[in-house]
Each structure stands twice: as C-alpha cells, then as structure tokens.
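Working notes, beginning with the structure itself.
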Amino acid sequence: DAGVIQSPRHEVTEMGQEVTLRCKPISGHDYLFWYRQTMMRGLELLIYFNNNVPIDDSGMPEDRFSAKMPNASFSTLKIQPSEPRDSAVYFCASSGVWTPNTGELFFGEGSRLTVL
Amino acid sequence: DAKTTQPTSMDCAEGRAANLPCNHSTISGNEYVYWYRQIHSQGPQYIIHGLKNNETNEMASLIITEDRKSSTLILPHATLRDTAVYYCIVRVDSALGSARQLTFGSGTQLTVLP
C-alpha cells in the first residue's frame with residue numbers, strides 16, 4: 001500500500017497567489033482529514049470528509065480556504081488569495097471503517113507551504 | 001473529548017525503556033486513549049490505543065491505571081529513531097462520523113540519547 005500521498009511536498013509562493021494542495025487517500029478509506037501544523041498552534045484540524053461529503057469544516061480559518069473531494073481517491077485544499085500567515089505544513093490523513101480494534105488515522109508526509 | 005496533560009520533554013538513553021506518562025483525569029467511560037508520534041518533518045504515526053486493559057503491539061505497550069485517569073506509553077528498548085514528539089489523545093471512538101477526528105495537544109518531545 002502506497003499510503004496517503006500528498007503533493008506538492010514543498011511550495012513557495014508569493015502573497016496573493018492561489019495555492020492548491022492535493023491528497024490521495026489510502027484506497028478503501030472513507031474518511032479524509034486536512035490538518036495544518038504551525039509552531040504556534042500545533043496540529044489543527046481544518047476539515048474532514050466522509051464518503052466524499054464534507055462533514056465538519058469549522059476548523060477552516062476563513063473564506064480564503066476551501067476544500068473539495070470530487071471522488072474517493074482525490075481531495076484538494078485551496079487557498080485563494082494566499083497570505084504569509086498561511087505558511088505551515090498541511091497534512092492529509094485518511095481512515096477506514098471503524099471497528100473496536102481499528103480506525104486509526106494514516107497521515108501523509110505533508111505539504112510545506114511558504115508564502116512570501 | 002477529555003483533556004490530556006503530558007510533560008513537555010523527556011530524555012532516554014538508547015537501549016533503555018522509555019516511559020511516557022499522560023494524565024487524563026476527566027476521561028469518560030466510553031473514551032479511548034490513543035498514542036501517536038511525529039518524527040521530525042514527517043506526518044504523525046499511530047502507535048497504540050486502549051480502553052481500560054493494558055495493550056501491547058510490536059511498537060509499544062500501553063499501561064492504563066485502574067481508575068483510567070492516567071496512562072503510560074512504554075517503548076521497551078528505545079533507539080535513536082524513536083526520537084519524536086509523542087501525543088496522548090483521549091476521544092470517544094465509534095462509527096459515528098463526529099468521533100473520527102483527532103485533537104492533538106502539545107505532546108512530549110522524547111529525545112533518545114546515544
């Protein structure tokens with residue numbers, strides 16, 4: 001299994017530009033999560049999907065952020081326009097069907113975003 | 001989800017057991033204790049979880065006190081590659097969608113020394 005795949009691994013952009021981060025969850029997993037990590041705030045949940053439907057987006061910081069999951073194997077997190085304070089590592093994670101002995105989250109390697 | 005308290009940092013000698021404590025005094029009867037770790041520049045990695053019985057897998061052991069108000073993650077023979085931030089997370093675990101997310105605290109920075 002290839003695990004959760006994120007791209008790009010590193011992105012450097014200028015303030016005001018649009019940024020799109022991509023995630024491919026583990027095949028068969030029906031939950032997908034987007035997290036953001038900064039030194040100041042640690043790991044924060046932004047949004048999560050179940051069966052491609054957004055369930056909770058209360059962690060999305062503002063309207064500049066949007067996330068989609070057009071199918072079970074692909075999700076995007078878009079920032080438009082980007083600002084320097086959006087600089088962070090963005091993680092995608094997926095999870096399969098829950099049972100009492102399974103259900104852990106599998107994380108990708110993250111996308112490091114730097115907005116100048 | 002119940003709040004957890006962990007020491008900010010710990011050191012451990014290579015080859016010795018690393019014992020990482022976690023307090024969760026407000027834990028409810030249906031909340032599980034989860035442990036994840038994050039090695040520098042990587043995504044968090046699941047280690048182990050339990051409800052009230054002690055658990056062991058190929059990575060670690062989890063000891064939960066009888067009153068469930070605290071737990072200890074044990075890495076039996078720490079190696080340099082175990083240097084990471086370790087997160088203790090308490091949450092309700094069920095098939096309900098609202099229970100699937102994880103809320104990460106600050107964790108414990110474990111440094112394994114040669």
Side-chain angles (χ1 to χ4, degrees), chain A residues 2-7 9-10 21 23-26 29-60 88-112, chain B residues 1 3-9 22 29-60 62 64 73 84-109:
Chain A
V4 176
I5 300 173
Q6 293 187 244
S7 65
R9 290 295 311 277
H10 301 274
L21 308 178
C23 175
K24 176 179 169 56
I26 292 173
H29 281 188
D30 57 351
Y31 283 90
L32 184 139
F33 306 80
W34 282 100
Y35 282 85
R36 176 174 70 175
Q37 186 171 35
T38 62
M39 288 293 292
M40 291 296 295
R41 301 174 68 89
L43 271 161
E44 304 173 279
L45 176 66
L46 300 178
I47 185 172
Y48 76 95
F49 296 81
N50 178 216
N51 291 324
N52 313 336
V53 177
I55 302 300
D56 185 351
D57 65 354
S58 59
M60 296 285 263
V89 181
Y90 291 81
F91 288 103
C92 176
S94 70
S95 177
V97 175
W98 180 86
T99 72
N101 293 313
T102 63
E104 63 265 28
L105 268 62
F106 294 84
F107 284 79
E109 292 300 305
S111 294
R112 181 175 295 276
Chain B
D1 293 339
K3 180 179 171 59
T4 63
T5 303
Q6 299 178 253
T8 302
S9 63
C22 179
N30 61 348
E31 289 183 311
Y32 286 68
V33 180
Y34 275 76
W35 284 84
Y36 279 72
R37 74 179 182 183
Q38 187 174 22
I39 297 170
H40 183 61
S41 299
Q42 297 182 20
Q45 176 191 24
Y46 166 82
I47 301 173
I48 198 168
H49 76 283
L51 182 62
K52 54 185 177 181
N53 297 320
N54 297 338
E55 302 288 344
T56 296
N57 62 21
E58 65 278 4
M59 290 183 68
L62 173 61
I64 303 174
L73 179 74
V85 177
Y86 287 77
Y87 297 98
C88 171
I89 301 163
V90 170
R91 69 165 189 191
V92 173
D93 208 359
S94 77
L96 293 176
S98 60
R100 303 311 304 137
Q101 66 215 59
L102 291 173
T103 301
F104 289 82
S106 301
T108 297
Q109 171 66 58

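Atoms considered below: every heavy atom in the structure, side chains included; atoms not considered: hydrogens, waters and symmetry mates.
Interatomic distance, B/Ser106 OG to A/Arg41 CZ, rounded to the nearest 0.5 Å: 12.5 Å. Rounding to the nearest 0.5 angstrom, the gap separating the CD atom in A/Glu109 from the OG atom in B/Ser41 is 9.5 Å. Expressed to the nearest 0.5 Å, how far OH of B/Tyr36 lies from CG of A/Leu43 amounts to 11.5 Å.
The ring pair (Phe, Tyr, Trp, His ring centres under 6.0 Å) check on B/Tyr87 picks up B/Phe104, with sequence neighbours excluded. B/Trp35 is linked by a side-chain hydrogen bond (donor to acceptor under 3.5 Å, both in side chains) to nothing, counting only residues two or more places apart in sequence or in another chain.
Within the 4.5 angstrom heavy-atom criterion, only side-chain atoms of B/Gln38, from C-beta onward, approach chain A. For A/Gln6, no part sits under 4.5 Å from any heavy atom of chain B, backbone or side chain.
Exactly one residue among A/Phe107, A/Tyr35, A/Phe106 makes a side-chain contact (heavy atoms from CB on, under 4.5 Å) with B/Pro44. That residue is A/Phe107.
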